[in-house]
Each structure stands twice: as C-alpha cells, then as structure tokens.
Amino acid sequence: MQGKSSLGWGLIGASTIAKEHMIAAINAQSDSRVVAVMSSDADRAGRFATQNNIPHSYHALDDLLADPNVDVVYISTTNDLHLAQTVAAAQAGKHVLCEKPLALSLADALAMVEACQKAGVVMGTNHHLRNAVTHRMMRKLIADGAIGKVLTARVFHAVYLPTNLQGWRINQPGAGAGVVLDITVHDTDTLRFVLNDDVDSVIAQMAQHGLASGSIEDTVMGVMTMKNGVLAQFHDAFTVKHAKTGFQVLGTEGSLLGEDVMTQQPRGHVLLRRHNLIEEVDLGLPENLYIRAVRHFNDAVRGNGQPAATAEDGVKSLATALAVLEAARTGCKTTVQYR
C-alpha cells in the first residue's frame, strides 16, 4: 500500500463519532477517502452512506472486507464487537484503527494486537486527546523541565453525556457501558502521554448520580500511582452540566494548568505558573485532533512512523480502566496488569 496514491477507508459501524468527526478527518487528507460503510442494519447503512456521500454500503462485515477498494477500517461499534471485527479485518489484510476501549477484557485486547501483528497490518487506537496541541505542549514543557520534577497531576473530566448518546453507555453492561470504559480510558491515555509514564496501581470509588441503571457507574473518582511515584487524581462523570474540563500538573519548580482541554474540539489553553508569575503558553495554531490522528495513521500504513496512539497504548489504557473497576468494586488498591 506504500505505493497507492489514495487509501480507501471502510467504516465498521455507522456511528455518531464517525459521522461527526472521522469521515471529515479521513476525507481531509490528500491521500485517503471513505469508500464504504457497514452496519448490521442494512437500511441504516444505506441511509448513512447517502447522507455522508459514501460510495458503498454493506450490512455484512465479510462483504465490506471483501471490497478491494478498502485498505483501512475504522471500527466504532460497541465495545463487545471489537475483537471479532478486528481479527476478521486483520485476516483480510486490512489495517485497523479501533475505538477505545479496545475490548472488554485484557485477553481480548491482546488477541486483537496479536492478530494484527500476525497479519502484518497496522493497528492503532483512536485516543484523540493526545493529538491536542494543549497536551502535546504540556508534555514538551514537562520534558524540558519547565516545572521541575513532577509531583502530582489532576484530571477533571466530568461532563454531561449528550442525550443522543444516552443509550448503551448507561444501560448495557454487556456492551461495555459505564463512565470508566468510556472516559477514564481517555484520562489514562492522556496521563500516560503527558507524563510519559505508565500507571502502576489505582484506588477508586464509583457512584450513580442519575443517569446509569443497574450496576453501571456514571461517576468515578480515584487516584492512579504512576510507576515513577507521581500521584494522579481523576474525576470522570456523565452527569455534570455546569463545569469545564481540565488537566493540571504540579512540579517542584512550577505548575501547568490546561483548561477546557479534555474535549474533542481543538480548544482550551495552558497556563504556566512559576513563583508568583502566571503566563499563558503560546500553543501556536490548533489542529483538529482527528485530522492529526488520521494523518499519522495513514503515514504508518505507508511505513512512515506509527499511529498517534498505538495498539499497545490501547491495551495499556484498557488495563488501567479494568484496574479502576476492580479497585472500586473491592475497595482495595489494585495493581494494573498489562499482560
């Protein structure tokens, strides 16, 4: 595929995120286009294709994977379907960009990675936040020593789940419902990226604040201990209507505060505080998070670099989210198991 002038993307799942973000991001590249969409509901697939100017629609996965114009698949179905769809795509020789969380168990996520490695195809995880200029700048400033040695971090990612998304995320545990698998995985990946370290262990508590049903959580708070000893506090929710998101890092020589940065939009700003001086960091021109992710994925398919978030990144964010769930259920500090 390194010699192909244009990569054809097939969408597995006629999803909201595909419609609102990924189609435009793929078509914005000079070297890729969305050429097909698949939904288990044939009528939905047809309507989605017509509404989004996609040439072909399918209601069977095998039919989409048999399309010679499809080089890459983007998977945005419910989490319980990711394993089978990724394995099938890999066996068909298609590169895979999969939504988070990769799966519902660590074993399934590792099986997905193994299938792609065996088939020799690129696999990535659609963790969009690490593509934000705000987080990339915070990572650089920390690496450059702008705030000295990092001591602690804090992520506040409590939002209100839009009405159109209040389906399986709050009432279907078998599909991977709950705020931990939906939002905490993103916090984890962002912490790992900005701090350039992995999570060692977690403590957490979960609650229901009015949206989720049954045993599903819509609110979680806790602390992650990074492998280098940094403590990272997190608060995620589906139920908060009146607050902005943020990411804060405190160091021995200063602090960084990213305000309104845990978002799908290229917005927010970063404040650097040292002593009693506060300055807003010059971030340059922002870039659409998904456009950047697709560009890096296309480059990886062509043998140039790797996805912005690799399959291994997806495994590690899932492993941490599963540890958060276990810690909250048991009330005990839980070590993250990556294998």
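Along the sequence shown, residues carry numbers from 1.
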Practice item. Could you name each residue pair satisfying side chain to side chain donor-acceptor pair (under 3.5 Å) that touches residues 149-167, not counting sequence neighbours? Key: Arg154-Gln248, His157-Asp187
Review point. Under the side-chain contact (heavy atoms from CB on, under 4.5 Å) criterion, do Leu65 and Lys94 qualify, and how do the steps go?
Key: CA-CA 8 Å; Leu65 296 178; Lys94 313 298 184 182; 3.9 Å; yes
Practice item. Take atom CD of Glu114 as the centre, draw a 6.0 Å sphere, and report whether it contains more than 12 heavy atoms from other residues, nucleotides or ligands. Key: no
Review point. Is the shortest heavy-atom distance from the side chain of Ser5 to the side chain of Asp31 under 4.5 Å?
Key: no
Review point. With a 3.5 Å cut-off and no angle check, do the side chains of Asn298 and Trp9 form a donor-acceptor pair?
Key: yes
Study note, to complete from the structure: The reported gap from NE2 in His275 to CD in Glu253 (rounded to nearest 0.5 angstrom) is 6.5 Å
Exercise for review: Following the transitive rule for hydrophobic clusters with a side-chain heavy-atom cut-off under 4.5 Å over Ile, Leu, Val, Met, Phe, Trp and Tyr, establish whether Val180 and Trp168 coincide in one cluster.
Suggested key: no
Practice item. Measure the shortest side-chain to side-chain distance between Pro266 and Leu289 over non-hydrogen atoms and say whether it is less than 4.5 angstrom. Key: yes
Check your understanding: What are the two closest heavy atoms between Asp71 and Ser6, and how far apart are they?
Key -> OD2-O, 3.9 Å
**Study point:** Neighbour count above 12 (heavy atom, 6.0 Å) for His59 NE2
**Key:** no
Check your understanding: Does any N or O in the side chain of Asp218 come within less than 3.5 Å of the main-chain N or O of Ala237, such that one atom is a donor and the other an acceptor?
Key -> no
Practice item. Check the hydrophobic clustering (I, L, V, M, F, W, Y; side-chain heavy atoms under 4.5 Å; chains of links allowed) and say if Val220 and Val185 are grouped together. Key: no
Point to revise | Presence of salt bridge, Lys316 and Asp189, under 4.0 angstrom | key: no
Exercise for review: Check Leu318 against Ala103 and note the closest heavy-atom contact, atom names and distance.
Suggested key: CD1-O, 3.3 Å
Exercise for review: Of all the heavy-atom pairs spanning Cys116 and Thr86, show the shortest one and how long it is.
Suggested key: SG-CG2, 3.8 Å
Review point. Can a donor-acceptor pair be found between the side chains of Asp236 and Thr184 at a distance below 3.5 Å?
Key: yes
Check your understanding: Among side-chain atoms of Ser76 and Ser15, is any donor-acceptor pair under 3.5 angstrom?
Key -> yes
Point to revise | N-O pairing of Arg192 and Asp197 below 4.0 Å | key: no
Study note, to complete from the structure: All heavy atoms of Gly314 vs all of His127, minimum pair found to be CA-NE2, 4.4 Å
Exercise for review: Start with the C-alpha distance between Thr225 and Val230, add both sets of side-chain angles, then the distance that settles side-chain contact (heavy atoms from CB on, under 4.5 Å), and finish with yes or no.
Suggested key: CA-CA 6 Å; Thr225 302; Val230 170; over 6 Å; no
Exercise for review: Ignoring hydrogens and angles, state whether a donor on the side chain of Tyr338 or Asp198 is under 3.5 Å from an acceptor on the partner side chain.
Suggested key: no
Check your understanding: For Val122, does its backbone N or O pair with a side-chain atom of His95 as donor and acceptor, under 3.5 Å?
Key -> yes
Review point. Is there a path from Leu129 to Met226 through hydrophobic residues (I, L, V, M, F, W, Y) whose side chains come within less than 4.5 Å of each other?
Key: yes
Point to revise | Close side-chain approach of Phe238 and Ile183, heavy atoms under 4.5 Å | key: yes
Review point. Does a sphere of radius 6.0 Å around CG in Asp144 hold more than 12 heavy atoms from other residues, nucleotides or ligands, not counting ones at 6.0 Å or beyond?
Key: yes
Revision key, fill the gap. Rounded to the nearest 0.5 Å, the CE atom of Met38 sits from the CG atom of Asp63 at a distance of 9.0 Å
Practice item. Please round to the nearest 0.5 Å and tell me the distance separating atom CZ of Arg292 and atom CZ of Arg130. Key: 9.5 Å
Practice item. First locate atom CG of Leu272, then atom CG of Leu256, and finally report the distance between them rounded to the nearest 0.5 Å. Key: 5.5 Å
Check your understanding: Under 3.5 Å, is there a donor-acceptor pair between the side chain of Glu287 and the main chain of Ala132?
Key -> no
Exercise for review: Check the pair His135 / Phe247 against ring pair (Phe, Tyr, Trp, His ring centres under 6.0 Å), numbers first and verdict last.
Suggested key: CA-CA 9 Å; His135 295 125; Phe247 192 110; 5.7 Å; yes
Point to revise | Test item: Val240 and Val159 side chains (from C-beta on) under 4.5 Å apart, heavy atoms | key: no
Review point. Between the side chains of Asp41 and Ser39, does any donor sit under 3.5 Å from an acceptor?
Key: no
Check your understanding: For Gln264, does the CD atom sit with more than 12 other heavy atoms under 6.0 Å from it, leaving out its own atoms?
Key -> yes
Review point. Between CG of Leu11 and CE of Met22, what distance do you get to the nearest 0.5 Å?
Key: 8.0 Å
Review point. Is there a side-chain contact between Asn79 and His82, using heavy atoms and a 4.5 Å cut-off?
Key: yes
Exercise for review: Show your reasoning for whether side-chain contact (heavy atoms from CB on, under 4.5 Å) applies to Thr310 and Thr125.
Suggested key: CA-CA 6 Å; Thr310 64; Thr125 309; over 6 Å; no
Exercise for review: State yes or no: do Val121 and Leu7 share one hydrophobic cluster built from I, L, V, M, F, W and Y residues joined by side-chain heavy-atom distances below 4.5 Å, directly or via other members?
Suggested key: no
**Study point:** Note, Arg273 side chain near Ile147 side chain (heavy atom, < 4.5 Å)
**Key:** no
Check your understanding: Is there a donor-acceptor pair under 3.5 Å between the side chain of Gln208 and the backbone N or O of Gly214?
Key -> yes
Practice item. Apply salt bridge (charged side-chain N to carboxylate O under 4.0 Å, His left out) to Arg329 and Glu217, showing your working. Key: CA-CA 11 Å; Arg329 289 168 182 160; Glu217 81 290 344; 5.5 Å; no
Review point. Should Val270 and Leu257 count as side-chain neighbours, where that means a heavy-atom distance under 4.5 Å?
Key: no
Check your understanding: Yes or no on side-chain contact (heavy atoms from CB on, under 4.5 Å) for Val223 and Val202, after CA distance, side-chain angles and deciding distance?
Key -> CA-CA 6 Å; Val223 177; Val202 299; over 6 Å; no
Revision key, fill the gap. Contacts of Asp182 meeting salt bridge (Lys or Arg N to Asp or Glu O under 4.0 Å) (sequence neighbours excluded), chain-then-number -> Lys100, Arg169
Practice item. Sort and list the pairs that fulfil ring pair (Phe, Tyr, Trp, His ring centres under 6.0 Å) and have at least one residue in residues 13-56, not counting sequence neighbours. Key: His21-Tyr290
Review point. Would you say the side chains of His269 and Glu259 form a donor-acceptor pair under 3.5 Å?
Key: yes
Practice item. Report, as yes or no, whether the 6.0 Å neighbourhood of atom NZ on Lys227 holds more than 12 heavy atoms from other residues, nucleotides or ligands. Key: yes
Check your understanding: Heavy-atom distance under 4.5 Å between the side chains of Arg267 and Asp260, does that happen here?
Key -> yes
Exercise for review: Report whether Met206 and Phe156 are members of the same hydrophobic cluster (ILVMFWY, side-chain heavy atoms less than 4.5 Å apart, transitive linking).
Suggested key: no
Revision key, fill the gap. Nearest heavy-atom contact between Ala25 and Val294 is CB-CG2, 3.9 Å
Check your understanding: For the atom pair CD1 (Ile203) and CE (Met221), what is the distance rounded to the nearest 0.5 Å?
Key -> 11.0 Å
Practice item. For residues Asp67 and Ala36, report the shortest heavy-atom separation together with the two atoms involved. Key: OD2-CB, 4.3 Å
